[in-house]
Structures are given as structure tokens and as C-alpha cells.
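This report refers to the structure that appears directly beneath it.
Just so you know, residue 1 is the first one in the sequence shown, and it goes up from there. In each ligand, atom 1 is the first atom listed, and ligand 1 is the first ligand listed.
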Amino acid sequence: MAVLADAVVVGAGIGGLAAALALSQRNINVCVIEQADKLRNVGAGVQISANGFRVLTALGIGSACLTSALQVRAIELIDHKSTKTVCELDLEKYNKGLVHLMMHRADLINILFKACVDAGVSFLFGERVMSVLNDPKPEIVTASDRYCPEVVICADGVHSVGRKSLLGQVAPYFTGHVAWRALVPNTTDHPDVARIYMGPKKHVVTYPIRDRSVLNLVLIEERDSWAKESWSEQGDSNALRHSFCEFNLGTDDLLSHVHEPYLWGLFRHPVAQKWHAGGVVLLGDAAHPTLPFMAQGANLALEDAWVLARCLSKTSAQETCLQTYQDMRKKRVERIIAVAEGNAWKYHLTFPPLRWAAHRTMWAMSAVMPGRMVGQFDWIYRYDVTAEP
Ligand SMILES: Cc1cc2nc3c(=O)[nH]c(=O)nc-3n(C[C@H](O)[C@H](O)[C@H](O)COP(=O)(O)OP(=O)(O)OC[C@H]3O[C@@H](n4cnc5c(N)ncnc54)[C@H](O)[C@@H]3O)c2cc1C
């Protein structure tokens, strides 16, 4: 049985890399095991809101992220057909001082990876973890070896093997939503805002990334089932155009530029009741996958990483530290996930009179009290996990 490090992180996604960096900065010896042969360039854009950005700043990579990201000036909710703005959340005006970023996921992953390497984190790529044991001590089983560190952090996403070991073999359920993702040229001179086009049972999110030459598109639609074995696949751009033909996405026909979209079945678990046992602990989507309708999944994984590292660097017994981590995170995570689910309903209203009334209400509220419309999310964005004792 090999000893890799005191702490082993399974998964080199945003959550796993942030946890590895945070632990290493607290002088904990860390190794990350990742099934892919190298860092993957998938996923296109990601929004990092102020609560997540605070973690990146505390990890010392805030300015690197600022350099490769754009700042969101506003979030606009738009009617999919008329293109009328139903509601505008002016972040620049009402969230002064808060940094809300739009960036390429690969850029964020690369920044985190480089910081990990500089901090002395070691990596094992191309190694798939088959199972994680936690009785009586943590043990990782891969195809080629077995490892027994002091603690195993399972940041291995929604199909987590660590979750299976803690909670039993329960497959994630299909949420009834699929997400198409694509990058297209920014032919519409799209400003630095995130636009959400709302239509019956569907919505589309657009925002620019990198040097504004590229637009990130996320197209969500409701479906009864997800028949495929794999949970993501290369999608057919004609099928995408057909499905969203009623959407008017601005001056150019943005969808005509989509060539190789990816299609994801959105799967979920309920938030785990138990996040740790016997030195094995869950983080990010492994513990609490969410629908992406508040753009908080990666942000929550960053917050988790910070709290977990802080708890583990305390001198108390390891299980006590891990329980503190769970106690500090679970309520907030559950609340944010509930808001994201509510947005699915709000964005996708089908009954025309109800949609009309809901849009009018949103319009009136954002016209009369725009500051309050933005302020309703203060508890998410103004939260500073790095300031907690
Ligand atoms: C369409 C869409 C848009 C989104 N937009 C946003 C957004 O704007 N903002 C935001 O905050 N969130 C967003 N999210 C959510 C966000 O992407 C996830 O919540 C976040 O990436 C979770 O990070 P993670 O590190 O927990 O898991 P993941 O990113 O899933 O990483 C898991 C890693 O573990 C590895 N792995 C898995 N199994 C094994 C194994 N057995 N052995 C070894 N390695 C393994 C995987 O290869 C992967 O590298 C979006 C999600 C979707 C679907």
C-alpha cells in the first residue's frame, strides 16, 4: 500500500484544486488524483461571484483571475421573443465594490493548477479512483494501486465514488433539464453583462469571455428523460437550432455560429445528509450538486474548499474538524440550491397570462426599487467565508 500524501484530493475540478491549494498553504502535504490524463478544457464559461472571488483572493490568485476575466456589469432578464428587458440587476451601480467575474473555465482551472504546483501540491493524472473506503481508516483504490492517507477529500463531482462510499450506491437523478453549451464569436458586440433569455420551458444565458471576442452560450431546456448512458455528449447543432428557433438572441443569429455544441443531462442528488466518515469527506458537487440557475455550483465549491482547509488545520480530532466543516456549510448550501430550483420555475413559465403577470411584476420591481432587486441576493454575494473565525 502506497503513501501519497497526508491528504489526497480526488478530482482536479474547481473544488478539488481550490481545496488542494488551501490545504497546502496551511502546510498540509497534498496530492490530487485525477482520472483525466491532463486538465480538461471543457465547460466553456463560468461566472464567479463576489463570494467565490473572495476565496480566490484569499488563496492569492485574485489578481491573476481578474486579468483573465471580464467583470459583469449587470444581469439582464429578457423575454425570449420580444427581446424586451423584463428586469435589469445593475451590479455596477448597486453592488459597488463587489467583483463578479465571467471567465473561461479552463483559465480558472489553469490558474488554480499553477498555484497548486507552485505551492508544492503533487498530481497523479490518468488514475481513476474505483472506490474509497472509510472503515476503519481512509483508503483509496485505483486500478493500479491502493493508497492510505490521513484524509481523503472527494471532490469528484456529481457521480462521486466517495459519496457512494459514505451514503451507499444511490445514482443521481435526472432533473428534467438538459444544458447545451457552446462558444461562438461575439458578432453582436455583446456588452459585459450576463443575459438570460426566458421562454416557455427553456432559457438561454449569454455572456462574453476572455477579450470579448467570444460569447459563452448556455441553453437550457426541459425534457422528460435522459436516455443516454453518458451524462454528456457531443450534441447536434441543427437539433439545437430547431429546439431554440423561437428565441431571438439579438441582432445576429447567434445560433447559426454554433458548430460543436455539448449537451449535458443535468443530474442531481439531494444535499448529502452526512458529508464525512472515517477520514473521508465530500466537497463541491460530490456533496451538493445544484441546478446551475444561480451560477453558484463552482462558487460553493470554492467556499467549501476554504472552510475545509481551515477546519482541518485546527488541532482538534479530525472527525470533529470534519463535522465543523459540515455544520458550517450545509444550511447555506441548501438555501442557495433552493433558490436555484425556484429560478427554474420563474424562467420557464409556460402559461402566457402567468408569464405576462410574472414579467410585469419583475419589471415593476426593478423599475421602482432596483437597489432592492439586487440586494435580495446580498446574503449570497456579500458573504465572506474567509472572514469567518
Ligand atoms: C451548464 C452549467 C453551467 C454552470 N455555470 C456555472 C457558473 O456560471 N458558476 C458556477 O459557480 N457554477 C456553474 N456551474 C456549476 C459548476 O460547474 C459545478 O458546480 C462545479 O464545477 C463543481 O465543481 P467540483 O470541483 O465539485 O466538480 P467537477 O467540476 O465535476 O470536478 C470533478 C473532477 O473529478 C474528476 N473525477 C470524477 N470521478 C473521478 C474518479 N473516480 N477518479 C478520479 N477523478 C475523478 C473529474 O474528472 C473532474 O475533473 C455550471 C454547471 C453547468 C452544468
Can you see whether Y207 engages N216 through a side-chain donor-acceptor pair at a distance of less than 3.5 angstrom?
yes
Does the Lys NZ or Arg CZ of R181 fall within the cation-pi geometry relative to W264 - under 6.0 Å from the ring centre and within 45° of the axis?
yes
Are K96 and E92 ion-paired here, with the side-chain N under 4.0 Å from a carboxylate O?
no
Heavy atoms, side chains only, cut-off 4.5 Å: are Q296 and P292 in contact?
no
Distance to the ring centre below 6.0 angstrom and angle to the axis at most 45 degrees; does that hold for K202 and F244?
yes
Would S243 and E221 count as a side-chain hydrogen bond (donor to acceptor under 3.5 Å, both in side chains) if you check the C-alpha gap in whole Å, the side-chain angles of each, and the deciding distance to 0.1 Å?
CA-CA 9 Å; S243 194; E221 61 175 308; 3.0 Å; yes
Please step through side-chain contact (heavy atoms from CB on, under 4.5 Å) for the pair H348 and I220, ending with a clear verdict.
CA-CA 10 Å; H348 291 186; I220 307 273; 4.1 Å; yes
Can R163 be said to sit on top of W275's aromatic six-ring, NZ or CZ under 6.0 Å from centre and within 45° of the ring axis?
no
Specify the protein heavy atom at minimum distance from atom 27 (O) of ligand 1: its residue, its atom name, and the distance to 0.1 Å.
G157 CA, 3.8 Å
Identify the closest protein heavy atom to atom 24 (P) of ligand 1: which residue and atom is it, and at what distance?
G15 N, 4.1 Å
Hey, which atoms in ligand 1 end up nearer than 4.0 Å to a heavy atom of P292?
2 (C), 3 (C), 4 (C), 50 (C), 51 (C), 52 (C)
Is it true that D192 and R212 make a salt bridge, defined as a side-chain N closer than 4.0 Å to a carboxylate O?
yes
Within the 3.5 Å criterion, strictly below it, is a donor on S144 or E127 matched to an acceptor on the partner's side chain?
yes
Mind checking whether V218 contacts ligand 1 via backbone (N, CA, C, O), side chain (CB onward), both or neither, at a 4.0 Å heavy-atom cut-off?
side chain
Taking atom 53 (C) of ligand 1 as the reference point, the nearest protein heavy atom with its distance:
L266 CD2, 3.7 Å
Heavy atom of A155 under 4.0 Å from ligand 1?
yes
Among all protein non-hydrogen atoms, which one is nearest to atom 41 (N) of ligand 1, and what is the separation to 0.1 Å?
V129 O, 3.0 Å
Going by distance only, is there an N or O of A298 that falls short of 3.5 Å from an N or O of ligand 1?
yes
In terms of residue, atom name and distance, what is the protein heavy atom nearest to atom 4 (C) of ligand 1?
R181 NH2, 3.5 Å
Closest to atom 31 (O) of ligand 1 among protein heavy atoms sits G13 CA, 3.6 Å
Examine G284 against ligand 1 and note whether any of their N/O atoms are separated by less than 3.5 Å.
no
of all protein heavy atoms, closest to atom 26 (O) of ligand 1 is D285 N, 2.9 Å
As an exercise, identify every atom of ligand 1 less than 4.0 angstrom from a heavy atom of V46.
7 (C), 8 (O), 9 (N), 10 (C)
In a check of salt bridge (charged side-chain N to carboxylate O under 4.0 Å, His left out) between E303 and each of R54, R332, R310, which one passes?
R332
Of all the non-hydrogen atoms in the protein, which one sits nearest to atom 35 (C) of ligand 1, and at what distance?
E34 OE1, 3.3 Å
Using a 4.0 Å cut-off to any heavy atom of E127, which atoms of ligand 1 qualify?
43 (C)
Nearest candidate to atom 17 (O) of ligand 1, where distance is taken over non-hydrogen atoms, out of R105, M130, M294:
R105
Among H288, Q35, H159, whose heavy atom sits nearest atom 36 (N) of ligand 1?
Q35
Closest by any non-hydrogen atom to atom 37 (C) of ligand 1: pick that one out of L219, D156, I14, N216.
D156
